[in-house]
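Numbering of ligands and ligand atoms starts at 1, following listing order. Note that the coordinates shown come from a computational prediction; the quantities given were computed from them, not determined experimentally.
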Amino acid sequence: MRRTLIAGNWKMNGSLSSIEELISGIKDGLAEVTNADMAVCPPAIYISKVNDLIGDSGIGLGSQNICDQESGAFTGELAPSMLKEFNCSYAIIGHSERRSLYGESDELVAKRFAMAVQSGVIPLFCIGETLEERESGIMEDVVSRQIDAVIDTQGIDAIGKCVIAYEPVWAIGTGVTASPEQAQAVHAFIRSKLAALSEDVAAKVQILYGGSMNAGNAKELLSQPDIDGGLIGGAALKPADFLAIGKSA
Ligand code: PEP
């Protein structure tokens, strides 16, 4: 049985005071979230502070990226060992904003993925198609290509060590959500693609949906058989909304 994970991607939002309010609000309602694990991925500069604020509440912690190298002359990057020092269990890798705004290729994303796994940090591995790609009928090819970049370099078992986040680019931050049927269809496609290589990996890997998931649409999305949680952007910045998504599981 796959456990539900609700992870908040705070992107480049927050301040010292707002993150205190946010974590305290989540902690206040956490006991009512009984069927999901909750995690937050703050901007890098706040990871240390959020680690302190979280304490032993059980909220998971993740970064928004991770370097593909262990240490050295890589200005602006975050070493896996640094993330581990601050209890980051997860690292978002391959988010569409990193791919489209900062030019991260499938190859680089796969290298970051490898370093995360090697260091014991769980990749929150983001994949998903643009609207143009969906409308031109190549959605499955795109998602396959993104996954194959990891499988071809690290093997199918590496996928068993990550959490996949299917995030259709057209649904991220737009207020347009994939319908539960649309999301389920892609999640099922991903799982069947993995099953062709390993039934075991396919059965155990968590596949989250991301793209304008909110308190109003979470229940229906999370009730789909192949949707194992959510990667939440905007709605993760308000404790009540984030908790409501967790309670929908
Ligand atoms: C995201 O950035 O991963 C995301 C899903 O954002 P939003 O929920 O705001 O669409």
TODO: Kindly compute the distance separating CG (L16) from CG (L53), expressed to the nearest 0.5 Å.
DONE: 9.5 Å
Open item on the list: Would G211 count as being in polar contact with ligand 1, using the rule that some N or O on each side must be under 3.5 angstrom apart?
Closed with: no
- [ ] Tell me which protein heavy atom sits closest to atom 9 (O) of ligand 1, plus the residue, atom name and distance to 0.1 Å.
- [x] G234 N, 2.9 Å
Open item on the list: Can you confirm whether the side chains of E77 and N65 place a donor and an acceptor under 3.5 Å from each other?
Closed with: no
- [ ] Can you sort out which atoms of ligand 1 are near N9, meaning under 4.0 Å from one of its heavy atoms?
- [x] 1 (C), 2 (O), 3 (O)
Task: Side-chain (R134) to main-chain (W170) donor-acceptor, under 3.5 angstrom - done: no
Task: Numbered atoms of ligand 1 (with element) below 4.0 Å of I172, judged on heavy atoms - done: 1 (C), 2 (O), 4 (C), 6 (O), 10 (O)
Open item on the list: Can you see whether T130 engages E133 through a side-chain donor-acceptor pair at a distance of less than 3.5 angstrom?
Closed with: yes
- [ ] Could you establish whether A235 and ligand 1 come within less than 4.0 Å of each other, counting only heavy atoms on the residue side?
- [x] no
Open item on the list: Can you confirm whether the side chains of T4 and N35 place a donor and an acceptor under 3.5 Å from each other?
Closed with: no
- [ ] Compute the shortest N/O to N/O distance between T174 and ligand 1 and return yes if it is under 3.5 Å, no if not.
- [x] no
Open item on the list: Contact between ligand 1 and A171 is defined here as a heavy atom of the residue under 4.0 Å from a ligand atom; is it met?
Closed with: yes
Open item on the list: When you compare ligand 1 with G233, is there at least one nitrogen or oxygen pair between them that comes in under 3.5 angstrom?
Closed with: yes
Open item on the list: Closer than 3.5 angstrom, by distance alone: can the side chain of S63 be matched with the main-chain N or O of I66 as a donor-acceptor pair?
Closed with: no
TODO: Identify, by atom number and element, the atoms of ligand 1 in contact range of L231, meaning under 4.0 Å from any of its heavy atoms.
DONE: 3 (O), 5 (C)
Open item on the list: Check E140 with K193, please: is the shortest side-chain N to carboxylate O separation under 4.0 Å?
Closed with: no
Task: For atom 3 (O) of ligand 1, the protein heavy atom that lies nearest, with its residue and separation - done: E167 OE2, 2.7 Å
- [ ] Using only heavy-atom distances, determine whether the side chains of E129 and Q146 contain a donor-acceptor pair under 3.5 Å.
- [x] no
Task: atom 1 (C) of ligand 1: the protein heavy-atom neighbour that sits closest, reported with distance to 0.1 Å - done: H95 NE2, 3.3 Å
Open item on the list: Give the atom numbers and elements of ligand 1 that come within less than 4.0 Å of a heavy atom of G173.
Closed with: 7 (P), 9 (O), 10 (O)
Open item on the list: Closer than 4.0 angstrom, basic N to acidic O: yes or no for D228 and R3?
Closed with: no
Open item on the list: Check this for me - ligand 1, S212, N or O atoms closer than 3.5 angstrom, yes or no?
Closed with: yes
